[in-house]
Peer 1: 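Can you keep this structure in mind? I'll have questions shortly.
FYI, side chains are in, hydrogens and waters are out, and symmetry mates aren't considered; it's all heavy atoms of this structure. Below, chain A is the first sequence line, B the second, and so on; all start at residue 1. Everything numeric here is computed off the predicted structure, so don't read it as measured data.
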Amino acid sequence: MSLTDVTTWEITKKQYRYKLKSYFGVFSSLVAIQLLAILFSLNGTGMSGGSSGTFSYDVNYYTGDIIQVLVMIWAFITAIIITTKAYRYDDYSFVTNRLISHYSNILFLFSASILAGIMVFFTGHLFRLITILLKNTDSIMVSELTLLGTLKGITASILYIFLCASIGYFVGILIQLNRLFSFLLPVLFVGALFVDGMNNDPTVFPSIISFFGSENFLFLFILKIIMASALFYILAISFSNRMEVRP
Amino acid sequence: MWCVGGDVRLILNSDSMKPIYVQVSEWLETEILNENIKCDEKVYSQYQLAEMFNINPATAAKGINILADENVLYKKRGLGMFVATEAREIILRKRKNTKLRSMVKELAKEAIQLNVEEEELLEMIRSLHQQMKGDLK
Amino acid sequence: MKVVECKELTKRYGKAKAINNLSFELTENKITGLIGRNGAGKTTLLKMIAGYLHHTSGDIQVFSENPFNNLKVSANSIFIDNGMSFSPSLTLEELLETSGEFYPNWDQRLAKRLFDYFSFNPLQSHVNLSKGMKSTFNMIIGLAARCPLTIFDEPTSGMDAGTRKDFYRALLKDYIAHPRTIILSSHLLSEVEDILEEILLIKNGEKLLHMPIEILKEYSIGISGKATAVSEWTSNKETIFTQSIGVDGSYVVIKNDCSLRDLEIARDIGLEVSSVSAEDVCTYLTSKTKEGIDHVFN
Amino acid sequence: MVLISLLPILIVILLVAGIGTYAFKSNKKRHRTPKKMKWVVGVYFILTLVAAVLSYTVFPAEKTESKVISKEKTSQHDEAQSKIINSAINGKLPNLNGVFTKKESWNFPFNGKDLKISNKDEQDYYANVFVISKPKDDGVIEAAHYMGKIIIDGVDFTERKGSPHINVNESILRIKAPELVDVNFTRFSEGFAFDQFTGRQSMFSRSYFSVHGNEFILLKVPKSVRVNGDFNYVNAE
């Protein structure tokens, strides 16, 4: 009997390649979400107008914010779903262990975030095109990004999506550990929102959001996202190390 | 008597009470008696037998080993099992002493239960024996 | 070399013990049948060997390592059951290719030929297969992977009679060509006994016996005759099963540790001595009471 | 209040969760061929790609690349304009320093002694008028229209707005409103992730800011001309 020796990295690569194919369904839900986001965005996010003497103006604002936000929620949900039984055990039909399963999931989520981020950018253009065709305005203002700006924007978009995925992954693992969390976590979250906003001066959530959102240096932003998502993944991995397969 | 080849698997009846390795060894004995395998010829390996009869190779090996223990087969190192020169005699002797004897014992027992007298039984055996001898020829 | 080694292995679910103080060893390149009734703990034991579940106490070693969450064990073993989860995004053909990437001994030619023999559609998805077809497909993966430790948990569930026969034949032929350690669990011993070398019989998570299958066939003998005579003759023997037949007849299965002399005495006092098939021995050993289901109606 | 403001967010989250779970999970159960799924995603991706190409090429919108003026800049403009106007009202016209630019100028020969400024206009147009007395009598009224930047939501519309019509008839200088300018535009942004690192408004400080642009008319009149009407005398610095 000759036993095969394999390394973690070698199998991680194989599992990752397998997951790219086997979790392909996430992208069909991504398409559905993006179409929904376009629908929501068609209303525009705002209007402003005014006049002074002989000069008057009306501005309709359209942003890709909704697309971005919905895709972030999608990433969150997707990450939860791949921790559920139906998906978690796919890799156990082949060679793996817990750590490899996590590593390949993280790699998968990262790749999915990259693709989703790029698709957010393109979907933004699809949305723009649809709006142009539907709208009758004498002028369309496109604050066109430079190539560098575009790349920075896509990077930021991807990282936001990835952050949501890592939170979702952590939440998913908690729920797999104990079903109670699926009830407890939303209650805690909404409860915290209420408590925070009780005196009409929320501080905790805005400061968490501005921790990322107000960071104008891309490098520091990347660092913050990586640190935060690494934290969630490390917690998820350490919590799930004793979990059994198909018990 | 045996239909070798084709559907060999049918030969072995796993429902029969005899352990399969005994059946394997008996099948080999019959092959030797019928001179399908001759003296100093190689017999089937345990793997060939396992495949033929759809049984575990270890079971087949046990069947071979019985014959080896009885000196029907001998081992050539690295080459496998071969039929001994005196194989036929050993088998015939054994069958007479064990198989035939136990069959006769059963026969006698049944005859006693059915109140068949010794003479009547012997007569039955005699006539059937002659009839079958003729048939086989 | 020992492939699987369990010492006082116990697995507890809450208070219930699925596996209780189980000790056994499986040596290299044997086909072992894990036999037991439904709920005996077969699947739990196999999943512990495959490294899916962890044990509560005792010790379990596969390839001399603790199998739980162990990459070496995972890479050198394969666990086939009908709960195997495959992504619906991959076609059956792609699943075979993926398996080939993971298992170094994978025989794509064998896989493909079995695949064609059982007339699978390469473009189909695993979820769309019927139960029997799923089992057949999983079995192809289990065979073609040629893992040093191959575990089949109730592999034939849902298969039709013909496919079962084909499967056991294929398993045996591939085993002869490429010997490896195979564990086969089943509640139907008669179906698998011919291809087994060893049998591990468990009941309520405990080991009843672990021995070569041929020895099991001589493990016990059946005695039948007049009830009084039978009970007298068997009074100092270990009975496994009793059944009354007719008005005053009875059939008793005892452990076969009597001498030839004993048996001749039995014959002489008019008792009938018969051998007991391995299947029946297992049924009797694992039944709830010594009278079997008749107990309920008495 | 908090509840009401959270409600739509919660509804959206639930909706997305529902769709995401349904669209993804149903793949596990429903009979669907893997190939179809790949088609759907592939076609959508190509569609967005085509859309991106079209939105860059076929629809050449008014592109304001790198012309977007930040909020800070805008308020700087606003302050600078007010400062100059205030100073001028107090009699001192400071250096314009590019805050105001001369849009149009006129020269009117004038030999009268009194000049009346009429900037009453039916269109409710009003512009400050500042008058500088020239050191000598050269018989020419020099008029100029100065305009500060009009910035609406970061976009400079100064060019769009025209100058008023000015003419001198007998002793009356009339200021007539320029043509009405109505700007109606649609503004796109890729989303907050794109705005965050491109110096545009970040996601939390987004407000619709604008400077409507101050304007004034500067008259230089001969020394002896007396001006009356609505105006301020200023001295240029």
Peer 1: Contact part of C/L172 toward chain B, heavy-atom cut-off under 4.5 Å: side chain, backbone, both or neither?
Peer 2: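 For C/L172, the contact with chain B is made by the side chain alone.
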
Peer 1: Do B/N56 and C/I31 touch side chain to side chain, with heavy atoms closer than 4.5 Å?
Peer 2: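 Sidechains of C/I31 and B/N56: in contact.
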
Peer 1: Should we count CE of B/M124 as having more than 12 external heavy atoms under 6.0 Å?
Peer 2: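 Counting neighbours around CE of B/M124, 12 or fewer heavy atoms of other residues, nucleotides or ligands fall under 6.0 Å, so no.
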
Peer 1: Tell me whether the count of non-hydrogen atoms from other residues, nucleotides or ligands lying under 6.0 Å of NZ in C/K226 goes above 12.
Peer 2: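 Not buried by this count: 12 neighbours or fewer within 6.0 Å.
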
Peer 1: Can you establish whether the number of heavy atoms outside B/E89 located under 6.0 Å from its atom CD is more than 12?
Peer 2: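 Correct, the count exceeds 12.
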
Peer 1: How far apart are the closest heavy atoms of C/K173 and B/E51, and which atoms are they?
Peer 2: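 It is NZ-OE2, 2.7 Å.
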
Peer 1: Any non-hydrogen side-chain atom of B/I20 less than 4.5 Å from a side-chain atom of C/D194?
Peer 2: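 The answer is yes; the side chains approach within 4.5 Å.
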
Peer 1: May I ask you to check whether over 12 heavy atoms, not counting those of B/E41, lie within 6.0 Å of atom CD?
Peer 2: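 Yes, the 6.0 Å shell around CD holds more than 12 heavy atoms from other groups.
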
Peer 1: Do other residues, nucleotides or ligands put more than 12 heavy atoms under 6.0 Å from B/K42 NZ?
Peer 2: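 Yes, NZ of B/K42 has more than 12 neighbouring heavy atoms, counting only those of other groups under 6.0 Å.
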
Peer 1: Hey, is OH on C/Y168 packed in by over 12 heavy atoms from elsewhere, all under 6.0 Å?
Peer 2: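 Yes - once you tally the heavy atoms of other residues, nucleotides and ligands closer than 6.0 Å, there are more than 12.
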
Peer 1: Counting a contact as any heavy-atom pair under 4.5 Å apart, which residues of residues 62-87 of chain B contact chain C?
Peer 2: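 At a heavy-atom separation under 4.5 Å, chain C is reached by B/K62.
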
